Protein chains: 2
Amino acid sequence: MFTTKTNLMNPSLPDDQCPQFTTGTTEALDRAEAACRARGASLTAIRREVLELLYRSPTGVKAYDLLARIKEARPGASPPTVYRALDFLIEQCLVHKIERMNLFVACRQASHQIPSLFLVCPKCSGVTELQEQSVMSALSTSLAEAGHRLESPEVEISALCPKCVGAASAQCADGEGGALG
Amino acid sequence: MFTTKTNLMNPSLPDDQCPQFTTGTTEALDRAEAACRARGASLTAIRREVLELLYRSPTGVKAYDLLARIKEARPGASPPTVYRALDFLIEQCLVHKIERMNLFVACRQASHQIPSLFLVCPKCSGVTELQEQSVMSALSTSLAEAGHRLESPEVEISALCPKCVGAASAQCADGEGGALG
DNA sequence: ATCAGAAATGCAATGTTATAACATTGCATG
DNA sequence: CATGCAATGTTATAACATTGCATTTCTGAT
């Protein structure tokens, strides 16, 4: 079971000490910079700062929260400043966007052999990136039968994280439903 | 294979003739009204009009597009008019929201025995609602292992529909990836 | 060194999606 | 008639994202 699970959910550790970091943030940033360079792209100061904020966050972060933080150092920063940096980082596969919540999260996978499953906690914005062969192959089969083709290698699932399980309510899962059919 | 597949992707048919409708829209609306009534809720004129627009649309619809249509008959309509109707319809399980695209779509399932898979086409906004035991059980297993709990009975997958397959480009699915790990 | 072109950034405005806050209407019931 | 309550109307604003254009910075060629 190829389950490279990274727990991004522990907000209480000091910088550079989160257990999912095999080395410090600075080293990770340097590696990211090298990777960009190798692809003919450049991890400029702004981009690096945005990526650093994401590396240091245990949860997904909203664009305007990033903007607020970037503004501390660069008062002139505006929405495009951040969105452009994010676009670049996403292109470089250094960051993922969680579409359903408009959240951005640094990629902590060493590689993407398999499309990733993103478990997004609707309570705390925690994001867990999984690579699950079993789910993906079942999904591929169903998609193929339906004549569809997976568009992005990222599948988002709204699921309460272990910490937040406890208050959820799930209506609409019962036997009634649409008026059609 | 419990695959209640409904094809919502055929925009070219006249009202009340889409093949996935076993009966006409009016009858479906009447049935929806009865279902609401049975639950002590009421499908008022505004709500019914919004639902009707969704029944007649083969694709997901944006809230402000609904608003524009509603305004034709009710010039005073404003965003809350539509959002309140949508909230109600979602509560009544008559409508689903596709979170990742801010799209609303009428529910065409007779019942929700199993959480639904929504295949959302990023090109044309077409939505196909599937109920796939195999995918869901694989998913449940993985979620349980990760200590998570599925939050909503709706799982959205971005997948090109049969008509739109052809132009897609999928970078980021290769062997590189994050700078961490 | 310096110049041209490309890439990145600054900046203002605007577009899009969604909700807050408060007032009003209309109807059922006692 | 008064009261209560659900629904709706109305205005404003919050939250998220993009466009367009001017300016600066970087890079490579001469």
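Everything quoted here is computed from the prediction, not taken from an experiment. So you know, we letter chains A, B, ... as the sequences are listed, proteins then strands, and number each from 1.
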(request) Determine whether more than 12 heavy atoms belonging to other residues, nucleotides or ligands lie under 6.0 Å from atom CZ of Arg69(B). (result) no
(message) Suppose we screen for side chain to side chain contact (heavy atoms under 4.5 Å, CB included). Which residues come up paired with Asp87(B), at least two apart in sequence or across chains?
(response) none
(request) Identify which one of Leu94(A), Val61(A), Val105(A) satisfies the side chain to side chain contact (heavy atoms under 4.5 Å, CB included) criterion when paired with Leu54(A). (result) Val61(A)
Under 3.5 Å, which protein N or O atoms sit close to an N or O of nucleotides 4-9 of chain C? Give each pair with its distance.
unit_1: dA8(C); atom_1: OP1; unit_2: Arg47(A); atom_2: NH1; d: 3.0
unit_1: dA8(C); atom_1: O5'; unit_2: Arg47(A); atom_2: NH2; d: 3.4
unit_1: dT9(C); atom_1: OP1; unit_2: Thr44(A); atom_2: OG1; d: 2.8

(request) Report yes if some heavy atom in the side chain of Glu52(B) is under 4.5 Å from a heavy atom in the side chain of Thr25(B); otherwise report no. (result) yes
(message) Can you tell whether the side chains of Arg108(A) and Glu129(A) come within less than 4.0 Å, N to carboxylate O?
(response) no
(request) For DNA chain D, note the earliest and the latest nucleotide, 5' to 3', having some atom under 4.0 Å of a heavy atom belonging to chain B. (result) dA7(D) to dT11(D)
(request) Salt-bridge test for Glu49(A) and Arg74(A): reply yes if a basic N is under 4.0 Å from a carboxylate O, no otherwise. (result) yes
(request) Over all heavy atoms of both residues, which pair between Cys93(B) and Cys107(B) is shortest? Give the atoms and the distance, please. (result) O-CB, 3.8 Å
